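The structure appears below as structure tokens.
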Amino acid sequence: MKRIGVLTSGGDAPGMNAAIRAVVRKAIYEGLEVVGIFHGYQGLIDGNMELLNLGSVGDIIQRGGTKLYSARCPEFRTEEGQQKAIEQLKANGIEGLVIIGGDGSYRGSMTLTKKGFPCVGIPGTIDNDIPGTDYTLGFDTALNTVIDCIDKIRDTATSHDRTFIVEVMGRDAGDLALWAGLAGGAETIIIPEVNMNMEEVVERLKSGTSRGKKHSIIIVAEGVMSGSEFAAKLMEHANIETRVSVLGHIQRGGSPTGRDRVLASMFGAKAVEVLMAGNGGRAVGIQNHEVVDYDMNEAFERNEVFDKDMYQLSKELSI
Ligand SMILES: Nc1ncnc2c1ncn2[C@@H]1O[C@H](COP(=O)(O)OP(=O)(O)O)[C@@H](O)[C@H]1O
Ligand SMILES: O=P(O)(O)OC[C@H]1O[C@](O)(COP(=O)(O)O)[C@@H](O)[C@@H]1O
Ligand SMILES: [Mg+2]
């Protein structure tokens, strides 16, 4: 293998730049050439790419977002789009690809692997929703961003004796909401993995109030419902007035934490090693503190691993 490509796809995540840097520098260290493909699969279809050198990825390890830009590309879901991508790969002499993205990007990369172009995936998403890795790139940074927001909302909740609802991202997964809720001392955490019981939510709020507690923070994962829908339900059920804060895309931005930078560096280097060994259809990840690679199909299996103990702990510590 002489030349590989790298692209970022789907929702951006802090640490993607650090991963691009690691892929490029490790590949060059190993004597390979690296082509950066812009705007994810769209750039692959359009031939929007350029050769990268050591300096191309200087001064980005600390930056959020992705220097290669990202996109959600409907055309790549079609056979025609995938054929165009393959023609571009051939025309540019690219023999293997590193894909940094989420589950959707992984599915896209499998279509290329099946057509004879080996692809290796690096899990880049704030959602932490990729089976086979304990953590995805960007999760730790987003977690710290959400915690910072909760701390700030708590200041005003306390000053005004208010109940706040904070809507947190995560698509169908509750990891970001659960971790941030536990770390931010939220009174109630509503996540898709646990059936919501409105009576219990109201009961917890009322028992807090009866002990003299005047403010509360409720975290609602977007995968359950929106913050404003939840506020309407609380009003309807128990006449409880709330304020709603939707954190939105600030959760995807910002300088990556040290943890995400280290993870990105290790993932990037591992992905190059896996490609050099001639293996496509693999994903890299971290399992029990060890960087691993595994069959990408395992990343599509429904993740039943939900940390029930952490959820229970969050309830025991916030009453
Ligand atoms: N089943 C699929 N086949 C081909 N390409 C896909 C498929 N699913 C997703 N993709 C490609 O991957 C892109 C990113 O997927 P998306 O789900 O939006 O984000 P993420 O990778 O962050 O989960 C899509 O816009 C599309 O181009
Ligand atoms: O940026 P968009 O298109 O509004 O998408 C929002 C979605 O993207 C995310 O921020 C990240 O998801 P992906 O990593 O799967 O792209 C989700 O948490 C959220 O549901
Ligand atoms: Mg996803």
Side-chain angles (χ1 to χ4, degrees), residues 6-16 19 37-46 48 64-66 68-86 88 97-115 117 119-133 135-143 145-146 149 166-180 191-192 219-227 246-254 256 260 281 283 285 296-297 299-303:
V6 57
L7 62 80
T8 48
S9 165
D12 65 339
M16 279 185 163
I37 297 151
F38 298 99
H39 299 284
Y41 293 119
Q42 192 61 55
L44 197 52
I45 289 171
D46 299 341
N48 185 4
T66 158
L68 291 176
Y69 305 96
S70 193
R72 304 196 198 275
C73 171
E75 193 183 353
F76 191 72
R77 290 174 185 270
T78 66
E79 180 65 31
E80 202 191 357
Q82 290 157 20
Q83 275 311 325
K84 283 190 198 165
I86 282 177
Q88 289 292 351
L97 262 185
V98 177
I99 310 287
I100 307 169
D103 53 342
S105 305
Y106 276 19
R107 282 183 201 283
S109 83
M110 278 310 282
T111 67
L112 295 177
T113 296
K114 282 184 188 145
K115 292 181 198 306
F117 280 89
C119 296
V120 174
I122 293 179
T125 169
I126 62 165
D127 299 342
N128 208 36
D129 61 350
I130 301 192
T133 186
Y135 301 104
T136 58
L137 273 189
F139 175 66
D140 187 59
T141 307
L143 171 62
T145 300
V146 178
C149 293
V166 182
E167 182 190 314
V168 172
M169 276 185 172
R171 219 179 267 275
D172 303 323
D175 282 35
L176 191 53
L178 177 56
W179 281 62
I191 52 174
I219 306 291
V220 179
E222 66 170 356
V224 179
M225 67 179 79
S226 72
V246 181
L247 302 188
H249 291 79
I250 60 168
Q251 294 163 99
R252 289 233 297 263
D260 272 332
M296 192 180 271
N297 288 307
F300 305 134
E301 283 161 18
R302 190 93 194 107
N303 194 356

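Computation of the quantities below employed the complete heavy-atom set of this structure, encompassing side-chain atoms and omitting hydrogens, waters and symmetry-equivalent molecules. When a ligand or atom number is given, it counts from 1 through the structure's own listing order. Keep in mind that what you see is a predicted model, and the values were worked out from it rather than measured.
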TODO: Provide the closest heavy-atom pair for Val220 versus Met225 in the form atom of the first, atom of the second, distance.
DONE: CG1-O, 3.4 Å

Task: ligand 2 atoms in contact with Thr125 (distance to a heavy atom under 4.0 Å) - done: 13 (P), 14 (O)

- [ ] Flag Asp129 as yes when one of its N or O atoms lies below 3.5 Å from any N or O atom of ligand 2, and as no otherwise.
- [x] no

Task: Arg252, any N or O under 3.5 Å of ligand 2 N or O - done: yes

Task: Within-4.5 Å side-chain heavy-atom neighbours: Ile126 and Pro14 - done: yes

- [ ] Compile the protein residues with any heavy atom at a distance under 4.0 Å from an atom of ligand 1; present them by chain, then by number.
- [x] Ser9, Gly10, Gly11, Tyr41, Arg72, Cys73, Phe76, Arg77, Gln82, Gly102, Asp103, Gly104, Ser105, Arg107, Gly108

Task: Min side-chain heavy-atom separation Phe76-Ile45 under 4.5 Å - done: yes

Task: Nearest non-hydrogen protein atom, atom 5 (O) of ligand 2 - done: Arg72 NH2, 3.1 Å

Task: atom 7 (C) of ligand 2: the protein heavy-atom neighbour that sits closest, reported with distance to 0.1 Å - done: Arg171 NH2, 3.7 Å

Open item on the list: Treating Thr113 as the side-chain partner and Cys119 as the backbone partner, does any N or O pair qualify as donor plus acceptor under 3.5 Å?
Closed with: yes

Task: Atoms in ligand 2 with a heavy atom of Met169 nearer than 4.0 Å - done: 10 (O), 18 (O)

TODO: Using non-hydrogen atoms of the residue, decide whether Gln251 is closer than 4.0 angstrom to ligand 2.
DONE: no

- [ ] Would you mind listing which atoms of ligand 2 come within a distance below 4.0 Å of any non-hydrogen atom of Gly170?
- [x] 18 (O)

TODO: For the residue pair Asn48 and Gln42, establish whether any side-chain heavy-atom pair is separated by less than 4.5 Å.
DONE: no

Open item on the list: I'd like to check Pro192 versus Asp172 (side-chain heavy atoms, cut-off strictly below 4.5 Å). Are they in contact?
Closed with: no

TODO: Using a 4.5 Å cut-off on heavy atoms from C-beta on, say whether the side chain of Val146 contacts that of Met169.
DONE: no

Task: Polar protein atoms near the Mg ion (ligand 3) [N, O or S; cut-off under 2.8 Å] - done: Asp103 OD1

Open item on the list: Once you measure the plane-to-plane angle for Tyr69 and His39, does it fall in the parallel (<30°), tilted (30-60°) or perpendicular (>60°) bin?
Closed with: parallel

Open item on the list: With heavy-atom distances below 4.0 Å as the criterion, list the atoms of ligand 2 near His249.
Closed with: 1 (O), 2 (P), 4 (O)

Open item on the list: Taking the side chain as everything from C-beta on, heavy atoms only, tell me whether Leu44 gets closer than 4.5 Å to Leu112.
Closed with: yes

Task: Side chain to side chain, Leu97 and Phe117, heavy atoms closer than 4.5 Å - done: no

TODO: Determine, step by step, whether Leu143 and Leu176 satisfy the side chain to side chain contact (heavy atoms under 4.5 Å, CB included) criterion, reporting the C-alpha distance in whole Å, the side-chain angles of both residues, the deciding distance to 0.1 Å, and the verdict.
DONE: CA-CA 6 Å; Leu143 171 62; Leu176 191 53; 4.2 Å; yes

Task: Any side-chain heavy-atom pair of Cys149 and Val166 under 4.5 Å - done: no

- [ ] Mind listing the closest non-hydrogen atom pair of Asn128 and Thr136 along with its distance?
- [x] OD1-N, 2.8 Å

TODO: Just jot down the ligand 2 atoms closer than 4.0 angstrom to any heavy atom of Glu222, in number order.
DONE: 17 (C), 18 (O), 19 (C), 20 (O)

Task: Backbone of Tyr106 reached by a side-chain donor or acceptor of Ser109 within 3.5 Å - done: yes

Task: Numbered atoms and elements of ligand 2 in range of Gly11, under 4.0 angstrom, heavy atoms - done: 16 (O)

- [ ] Just need the protein heavy atom nearest to atom 18 (O) of ligand 2, so name the residue and atom and give the distance.
- [x] Asp127 OD1, 2.7 Å

- [ ] Would you confirm whether Asp260, through its side chain, and Gly15, through its main-chain N or O, come within 3.5 Å as a donor-acceptor pair?
- [x] no

